[in-house]
Structures are given as C-alpha cells and as structure tokens.
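These numbers were taken from a predicted model, which means no experiment stands behind them.
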Amino acid sequence: QVQLVESGGGLVQAGGSLRLSCAASGNIFSINTMGWYRQAPGKQRELVAVITSGDIINSATSVKGRFTISRDNAENTVFLQMNNLKPEDTAVYYCNADLRTGSSSPVFRYWGQGTQVTVSS
C-alpha cells in the first residue's frame, strides 16, 4: 500500500506565497519522478512541474520564475514553493510519484488526494 499525502494549500492574496509538500509512504522500493499537476474548475489537469531522481526539472512556462520544485529523497517528499501567486493559479494541486514497490515491480504512478490553492485578487 502506497500513500501520497499533500499539505500546505490554502487561501492567499495575489502576490503572496505558499509552499506545498507531498510525502510518499508505504511499500516503496524506489521513486523515479515526482511532480505536481493542477486542475482548475472546468479545465483539464495540467502539468505544473516534475523532478526526476537526478534532479532534472521540467516545469510549465506559466510558472517559470515563480514556482520552484524540489525533493528530499531520504524522506520521499516533494515540495512546491510558489511565489508571486496569481488568481489564475487557483486550482486543486495534485502530487504524483512514479515508483516501484519491489526490485522487479514495474513503475506505477500514484497520486495524492489534492490540495486546494485559492489566490484572491
């Protein structure tokens, strides 16, 4: 059993900051990529940023220069530091992890339950 638990969402004014955390726990052998996606009302889920086990990062153009993704491999945790937030950043933010539960297990993608981020103008 694997769980991803997010924290750090909330309500903030435009220009403010939030830091999201997502901790993976359970039967984990190894984690490849960890990342953050978001889904605004009436829109499809979209990539925010992902980070590989080797710290290679890919992020959406809309968040470059404002959001920073990082991870703590020892704690199986991924972070998203969000600065200069805008009302259009309002969404439910989901973390995910591509991981193996055993040495011969295939890589499977697990998702967190989501955390609401609301940015007021």
Contact summary for [X] and [Y], nearest pair of heavy atoms:
X	Y	result
N84	D89	O-OD2, 4.5 Å
A60	L47	CB-O, 3.5 Å
E6	Y93	OE2-O, 3.7 Å
R66	K86	NH1-CG, 3.7 Å
A91	A40	CB-N, 3.8 Å
A97	I31	CB-CG2, 4.2 Å

>> Consider side-chain contact (heavy atoms from CB on, under 4.5 Å). Of V63, T90, T115, which one does R38 pass it with?
In response: V63
>> Between Y37 and V92, is there a side-chain heavy-atom distance shorter than 4.5 Å?
In response: no
> Mind checking whether Q81 and S70 have side chains closer than 4.5 Å, heavy atoms only?
Replying inline: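 No - every pair of side-chain heavy atoms lies 4.5 Å or more apart.
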>> Using side chain to side chain contact (heavy atoms under 4.5 Å, CB included), reason through T101 and F29 one step at a time and then give a plain yes or no.
In response: CA-CA 5 Å; T101 56; F29 176 77; 5.7 Å; no
>> For a side chain to side chain contact (heavy atoms under 4.5 Å, CB included) check, start with the C-alpha distance between R45 and Y94, then their side-chain angles and the critical distance, and finish with the verdict.
In response: CA-CA 9 Å; R45 190 174 296 189; Y94 299 90; 3.5 Å; yes
> Looking only at side chains, do T33 and D98 share a donor and an acceptor under 3.5 Å apart?
Replying inline: no
Single-linkage hydrophobic cluster [X]~[Y], side-chain heavy atoms < 4.5 angstrom:
X	Y	result
M34	V50	no
L11	F67	no
V2	V78	yes
L18	I69	yes
W36	F79	no

> Hey, mind stepping through L80 and V48 against side chain to side chain contact (heavy atoms under 4.5 Å, CB included) and telling me if it holds?
Replying inline: CA-CA 9 Å; L80 187 68; V48 177; 4.0 Å; yes
>> Would V117 and M82 count as a side chain to side chain contact (heavy atoms under 4.5 Å, CB included) here? Give the steps.
In response: CA-CA 10 Å; V117 171; M82 303 185 294; 3.9 Å; yes
>> Within the supplied structure, the quantity of interest is the number of heavy atoms (other residues, nucleotides, ligands) at a distance under 6.0 Å from E88 CD; does it exceed 12?
In response: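 Yes, because the 6.0 Å sphere around CD of E88 holds more than 12 heavy atoms from other groups.
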> Can you tell me if NZ on K43 sees more than 12 non-hydrogen neighbours from other groups inside 6.0 Å?
Replying inline: no
>> Set out, in order, the CA-CA distance, both residues' side-chain angles and the distance that settles side-chain hydrogen bond (donor to acceptor under 3.5 Å, both in side chains) for T118 and Q116, then state yes or no.
In response: CA-CA 6 Å; T118 302; Q116 178 70 46; 3.3 Å; yes
>> Regarding R71 and D55, does a basic nitrogen lie under 4.0 Å from an acidic carboxylate oxygen?
In response: no
